[in-house]
Every structure is written in C-alpha cells, then in structure tokens.
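Since we're looking at a predicted model, the values are computed, not measured. We count ligands from 1, going down the list as the structure has it; atoms in each ligand are counted the same way.
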Amino acid sequence: MTDINLTAILYEKDDLRLEDQPIPEPGPGQVQLTMAQVGICGSDVHYWTHGRIGDFIVKAPMVLGHEASAVVSKLGPDVTTLKVGDRVAIEPGVPCRTCHFCKSGRYNLCPDMKFCATPPYHGNLARYYVHAADFCFKLPDHVSFEEGALLEPLSVGVHATNRAGVGLGNTVLVCGAGPIGLVNILTAKAKGASFVCVTDIDETRLNKAKEIGADFVVRVANSDPLKVAEEIETVMGTKPDITIECSGAAKSIQTAIYATKSGGVVVLVGLGQDIVEVPVVNAGVREVDIRGIFRYVNCYPTALAMLASGKINVKPLITHRFKLEESVKAFEAAKRGEGIKIMIECSRS
Ligand code: NAD
Ligand code: ZN
C-alpha cells in the first residue's frame with residue numbers, strides 16, 4: 001500500500017481499515033495539519049464495536065479519532081493566527097457560529113456542530129487532516145504532543161467542574177475512575193477541592209486515581225446504592241458538596257444522588273442507558289441540583305494554561321503507545337479495557 005495519507009477508516013461495525021487517502025487541502029479559514037498524536041476515546045471504540053452511539057449511526061465510512069495534536073503544514077486563505085510549523089492541539093468540534101447557542105457562548109449545544117469522528121463527520125486518525133484554524137490552539141514548546149492531545153479529555157474535566165461550581169475547600173466525589181473520572185480528579189483538585197473521593201468497581205483504576213491525587217477511594221462492591229453512599233460518607237467523614245458522575249452506570253447515578261450533601265450538586269458526565277431510574281424525590285426534597293454536561297465550551301485555553309503552567313499533569317494517564325500503522329492493535333487493546341489512555345503516533349516512522 002502506498003502511504004501518502006495513511007488513514008484509519010471505520011467502514012462499519014467491526015470493520016476498521018487502514019487505507020491511503022489523498023492529502024486534504026485547506027479551505028478558507030482552515031489549516032492543513034500533519035497529525036502528531038491521537039488518543040483513543042471510549043467513543044471511538046464504541047463506534048468500532050457497535051457501529052453507533054445512540055442516534056449517531058455510522059452509515060458511511062468514517063475516519064476515527066478526535067483527541068489530537070498536530071503540526072500546521074499549510075495555511076488556507078485568510079488564516080492569520082497560525083503559521084506553518086506551529087504545534088497545535090485540535091479542538092475537535094466546530095460549531096455553526098451563527099445560531100442562538102453559538103452566539104450566546106454555549107457553542108457545545110449548537111445543533112449544527114461538526115465534531116470529529118461523530119457521524120457523519122470524519123475524525124483525524126491519519127497522517128494529514130484539515131481543520132478550522134480558530135479551533136487549533138498553539139502549544140508552547142514545552143508542552144508535548146501527547147499532552148496536547150489530552151487537552152481534549154482534560155477539557156471535559158474543566159467543563160464538568162465549571163458546571164459543578166467546584167471551588168476552594170469543596171469536598172468532591174468522583175464516580176468512576178476511567179479517563180474522564182481521572183481528569184475530573186485533576187481539575188477538581190486544581191480548583192481547590194479539599195478532599196476528593198473516587199469510586200470504581202475496578203481496583204487498578206482506583207490505584208491510578210490515588211496515584212494522581214485522589215484523597216480517598218471506595219471500591220464499589222455492594223449493589224445497594226444507599227449502602228455505597230453510606231460507605232462514602234464514612235470514608236470521607238462527610239457527604240460531598242459536589243458529585244461528578246463519570247461512569248454512566250445506573251446504580252452509580254443513584255449513589256451519586258444519595259451521597260451528595262443536601263443543597264449540593266450532582267453533575268452527570270457519564271452517558272449510559274437512555275432512561276435510568278433515579279431517586280428523584282430524595283434529590284428534590286434535599287435540593288440536590290442535577291446538571292448535565294456536554295463535552296466542553298471555551299475550555300481548551302484553560303486546560304492548556306493549566307498544563308503549560310504545570311498546575312495539572314496528565315502524563316500519568318498515558319499507559320500505551322502505538323504507531324498509526326498499528327491502529328487496529330491499539331483498538332483491540334482499548335477494547336480489552338487495558339490501561340487508561342492509549343496514544344497513537346501518526347508521524348511516519
Ligand atoms: P470508562 O468506561 O473508561 O470509565 C468508566 C469507569 O466507571 C470504569 O473505570 C468502570 O469500571 C467504572 N464503573 C462502572 N460501574 C461503576 C459503578 N457502579 N460505580 C463506580 N464506577 C463504575 O469511560 P470514560 O472514557 O472514563 O468515560 C466515562 C463516561 O463519560 C462514559 O459514559 C462516557 O460516555 C462519558 N463521557 C461523557 C461526556 C459528556 O460530554 N457528557 C464526554 C466524554 C465522556
Ligand atoms: Zn451554532
């Protein structure tokens with residue numbers, strides 16, 4: 001196979017191929033990017049194994065990948081903010097910029113969002129890719145491409161903790177210690193949370209949570225969410241002011257509500273079943289606010305500033321590294337649930 005622009009394309013469920021593609025040319029306001037690092041996200045794996053996430057269905061071949069960094073290799077017309085050779089992190093969702101949500105500053109809610117590797121839009125697990133210049137963020141020299149790619153999940157943590165209102169001295173519970181739970185530990189701590197407690201059903205994930213700064217961990221073994229909530233209160237010595245639910249598991253969402261202090265906040269980050277039974281009266285009479293989040297909005301600059309200043313370290317999240325040519329192997333490792341964050345290097349050997 002020639003390798004002009006080797007690209008990881010999902011044809012349909014269980015059919016991920018590496019194929020050569022033409023090198024894309026940047027249009028007005030766009031840059032051509034020589035891809036550096038792409039992290040595998042649970043959603044990439046889910047599209048590969050299920051061919052869909054909810055109403056987003058892979059109906060035509062789609063390039064995977066959306067947690068990415070790159071080098072600018074060509075400028076389209078009218079691009080003034082970047083130059084060839086700039087190292088950048090790519091914010092993967094480009095909104096319409098004109099609707100009510102975009103204009104009011106909540107572009108993550110834009111109904112016309114074009115988001116990498118969310119059907120029908122291509123991702124960037126390839127040698128070359130084209131993206132809107134204003135959704136590329138220049139990386140300082142000392143921020144690595146791997147860290148640049150991890151700005152994507154880190155931004156989810158920035159947004160979730162923003163929506164939760166985490167502040168100085170708050171006690172925080174994070175449910176689920178996957179990559180998203182872990183970035184929420186990092187952002188909650190960075191925002192001044194006093195104690196962060198983390199739950200998971202998996203011991204190795206809890207060990208990683210401890211490694212990156214969780215103050216307490218609770219391994220969920222009991223199937224009764226009320227009992228788990230009691231356990232959390234015992235371990236923390238208090239009910240948490242804020243709970244950030246990052247597993248999507250129904251029982252864990254129930255635990256999140258029971259566990260949270262009256263007057264507190266539960267943020268639902270995890271996305272599991274469409275319809276989940278929750279103790280809504282318990283939340284209602286205790287004035288526990290339940291808030292959703294969708295990805296992130298205006299969070300890349302904050303996430304980057306926190307990495308560049310050394311206030312947040314995402315490097316411990318990276319457990320596996322593959323080359324673009326080995327993408328299928330990388331996805332198989334992700335499917336087996338190995339490690340935390342699997343990175344794919346896209347530059348030619
Ligand atoms: P992941 O599957 O790697 O992590 C989930 C973790 O939850 C796992 O470690 C798992 O062992 C743990 N878990 C399962 N059941 C549990 C229970 N009962 N109690 C406590 N922990 C339990 O996934 P991830 O990549 O970390 O993403 C987490 C969730 O966030 C997913 O549902 C994903 O779809 C969602 N997500 C949402 C947004 C958004 O914008 N809302 C963005 C990114 C990811
Ligand atoms: Zn819009």
I'd like to know whether ligand 1 has [X] as a neighbour, heavy-atom separation below 4.0 Å.
{"X": "K251", "result": "no"}
{"X": "C246", "result": "yes"}
{"X": "C175", "result": "no"}
{"X": "S252", "result": "yes"}

Any idea which protein heavy atom is nearest [atom], and the distance to it?
{"atom": "atom 3 (O) of ligand 1", "answer": "R205 NH1, 2.7 Å"}
{"atom": "atom 43 (C) of ligand 1", "answer": "I180 CD1, 3.9 Å"}
{"atom": "atom 15 (N) of ligand 1", "answer": "A249 CB, 3.7 Å"}
{"atom": "atom 37 (C) of ligand 1", "answer": "V269 O, 2.9 Å"}
{"atom": "atom 32 (O) of ligand 1", "answer": "L271 N, 2.9 Å"}
{"atom": "atom 30 (O) of ligand 1", "answer": "G270 CA, 3.6 Å"}
{"atom": "atom 40 (O) of ligand 1", "answer": "R295 N, 2.5 Å"}
{"atom": "atom 42 (C) of ligand 1", "answer": "V156 CG1, 4.0 Å"}

| field | Transitive ILVMFWY side-chain link I212 to L154, under 4.5 Å | value | yes

| Is L64 linked to F322 within one hydrophobic cluster, defined over Ile, Leu, Val, Met, Phe, Trp and Tyr using a side-chain heavy-atom separation of less than 4.5 Å? | yes

| request: Answer yes or no as to whether an N/O/S atom of C110 is found below 2.8 Å from the Zn ion (ligand 2). | output: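 Yes.
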
| said: Please state which option from S247, P153, C41 has its nearest heavy atom closest to atom 22 (C) of ligand 1. | reply: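 Residue with the shortest heavy-atom distance to the ligand atom: S247.
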
| Considering only heavy atoms, which of S155, G42, P179 lies nearest to atom 23 (O) of ligand 1? | P179

| message | Could you tell me, atom by atom, which parts of ligand 1 come under 4.0 Å of a heavy atom of D200? | response | 6 (C), 7 (O), 8 (C), 9 (O), 10 (C), 11 (O), 12 (C), 20 (C), 21 (N)

| Under 4.0 Å from any heavy atom of G176, which atoms of ligand 1 are there? |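 Atoms satisfying the 4.0 Å criterion: 7 (O), 21 (N).
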
| said: Does any part of the side chain of R321, heavy atoms only, come nearer than 4.5 Å to the side chain of E345, both counted from C-beta? | reply: no

| Heavy atoms, side chains only, cut-off 4.5 Å: are N222 and E230 in contact? | no

On the 0 to 90° scale, with breaks at 30° and 60°, tag the [X]-[Y] ring pair as parallel, tilted or perpendicular.
{"X": "H131", "Y": "F135", "value": "perpendicular"}
{"X": "F216", "Y": "F195", "value": "tilted"}
{"X": "Y296", "Y": "F115", "value": "tilted"}

| request: Mind reading off the angle at the Zn ion (ligand 2) between the SG atom of C102 and the SG atom of C99, rounded to 10°? | output: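 Computed angle, vertex at the Zn ion (ligand 2), rounded to 10 degrees: 110°.
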
| request: Say whether Q37 and S69, considering side chains only, have a donor N or O and an acceptor N or O under 3.5 Å apart. | output: no

| said: Under 3.5 Å, is there a donor on one side chain and an acceptor on the other for E245 and S252? | reply: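 Looking only at side-chain atoms, S252 and E245 do form a donor-acceptor pair, the distance falling under 3.5 Å.
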
| request: Ignoring angles and geometry beyond distance, decide whether G181 reaches within less than 3.5 Å of ligand 1 through its nitrogen or oxygen atoms. | output: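 By distance alone, the answer is no.
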
| request: Given salt bridge (charged side-chain N to carboxylate O under 4.0 Å, His left out), test R336 with E338 step by step and report yes or no. | output: CA-CA 6 Å; R336 287 193 297 271; E338 283 178 23; 2.7 Å; yes

| Closest non-hydrogen atom pair between G148 and V143, with its separation |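 Between these two residues, the closest heavy atoms are N-CG1, 4.3 Å.
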
| What residue among M35, Q21, E19 forms side-chain contact (heavy atoms from CB on, under 4.5 Å) with N5? |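 Only one option passes, and that is Q21.
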
